[in-house]
Amino acid sequence: MAKELRVCVRSVQRWRQSWQENGQPALRSQGAACGPKLSKTLFAVLEEEPAKGPVAHGSPDQRWNLAPIKTLIGRRFHKSMTLSGISQMLRRHGWSHQVPARRALELQRGSGGRLGKGHVVAGGSTAAALAPGR
């Protein structure tokens with residue numbers, strides 16, 4: 001069972017013991033082990049930063065992706081996060097991954113590389129964006 005769940009055998013033993021002592025409610029999640037890296041206030045500040053553009057924050061091109069956001073978080077808030085952690089945090093705050101119909105190069109030529117408020121572009125051959133609530 002531990003192999004199927006990709007956990008150690010000891011975790012399965014603890015779960016089984018909790019279940020035997022307290023029943024099914026003992027197996028319910030206790031919530032996150034720690035609080036979020038960025039508070040609601042800091043995340044609100046982070047949401048305003050893309051409006052300044054990636055070049056203003058030291059990115060070599062006009063696309064927002066997770067790497068420049070990681071750098072921005074490090075410089076602005078003195079916090080270190082993984083790219084996966086940043087992606088999960090953005091999704092938790094209602095940002096979703098989008099792939100526009102046009103390629104990134106066409107976006108850069110036609111609109112100065114801007115997608116609009118709240119969009120973050122990920123690298124690749126086509127522009128993929130994280131947009132709030134979409």
Side-chain angles (χ1 to χ4, degrees):
M1 179 182 247
K3 189 174 182 179
E4 288 178 32
L5 296 173
R6 290 190 271 174
V7 297
C8 65
V9 174
R10 181 66 186 126
S11 291
V12 174
Q13 290 170 346
R14 280 193 307 265
W15 296 338
R16 183 182 175 111
Q17 182 180 1
S18 293
W19 174 69
Q20 287 176 338
E21 291 173 1
N22 302 315
Q24 201 165 358
L27 299 179
R28 287 206 178 109
S29 173
Q30 302 297 314
C34 62
K37 287 257 186 169
L38 293 181
S39 67
K40 290 181 181 181
T41 307
L42 291 180
F43 191 81
V45 172
L46 178 65
E47 283 186 307
E48 295 171 3
E49 293 297 320
K52 297 176 184 174
V55 174
H57 293 291
S59 182
D61 60 12
Q62 288 291 323
R63 296 178 298 165
W64 277 110
N65 58 37
L66 295 176
I69 293 173
K70 177 181 178 174
T71 303
L72 171 64
I73 290 170
R75 289 180 181 164
R76 184 83 163 83
F77 307 115
H78 306 287
K79 306 262 186 191
S80 177
M81 295 181 73
T82 64
L83 297 178
S84 174
I86 293 168
S87 176
Q88 291 171 12
M89 176 186 65
L90 291 172
R91 280 195 306 264
R92 272 194 308 272
H93 282 86
W95 291 64
S96 63
H97 196 238
Q98 286 188 327
V99 180
R102 300 182 294 172
R103 294 193 172 271
L105 186 57
E106 294 169 357
L107 283 171
Q108 289 175 353
R109 286 186 196 143
S111 63
R114 292 185 141 164
L115 288 175
K117 185 179 179 196
H119 287 80
V120 181
V121 179
S125 60
T126 60
L130 291 166
R134 294 184 184 171

Heavy atoms of other groups near Q24 CD, more than 12 under 6.0 Å: no
Nearest-0.5 Å distance that lies between atom CG in N65 and atom OG in S87: 11.5 Å
Any residue meeting side chain to side chain contact (heavy atoms under 4.5 Å, CB included) with A26, in chain and number order, not counting sequence neighbours: S18, N22
Residues forming a side chain to side chain donor-acceptor pair (under 3.5 Å) with E21, sequence neighbours excluded: Q17
Enumerate donor-acceptor pairs with a distance under 3.5 Å from any side-chain N or O in residues 73-86 to protein atoms, sequence neighbours excluded.
unit_1: R75; atom_1: NH1; unit_2: H57; atom_2: O; d: 3.3
unit_1: R76; atom_1: NE; unit_2: E49; atom_2: OE2; d: 3.2
unit_1: T82; atom_1: OG1; unit_2: G85; atom_2: N; d: 2.9
unit_1: S84; atom_1: OG; unit_2: Q88; atom_2: NE2; d: 3.3

Side-chain heavy atoms of L38 within contact of V45, under 4.5 Å: no
Worked check of side chain to side chain contact (heavy atoms under 4.5 Å, CB included) between W95 and E47: CA-CA 10 Å; W95 291 64; E47 283 186 307; 3.1 Å; yes
Full working for side chain to side chain contact (heavy atoms under 4.5 Å, CB included) between Q13 and R16: CA-CA 5 Å; Q13 290 170 346; R16 183 182 175 111; 5.8 Å; no
Contact list for residues 33-46, test side-chain hydrogen bond (donor to acceptor under 3.5 Å, both in side chains), sequence neighbours left out: none
Geometric class of the F43/H93 ring pair [parallel <30°, tilted 30-60°, perpendicular >60°]: parallel
Which residues share a side chain to side chain contact (heavy atoms under 4.5 Å, CB included) with S29, sequence neighbours left out: none
Pairing residues for R14 by the salt bridge (charged side-chain N to carboxylate O under 4.0 Å, His left out) criterion, not counting sequence neighbours: none
Side-chain cluster (under 4.5 Å, hydrophobic types only) that L27 belongs to, other residues: M1, L5, V7, V12, W15, W19
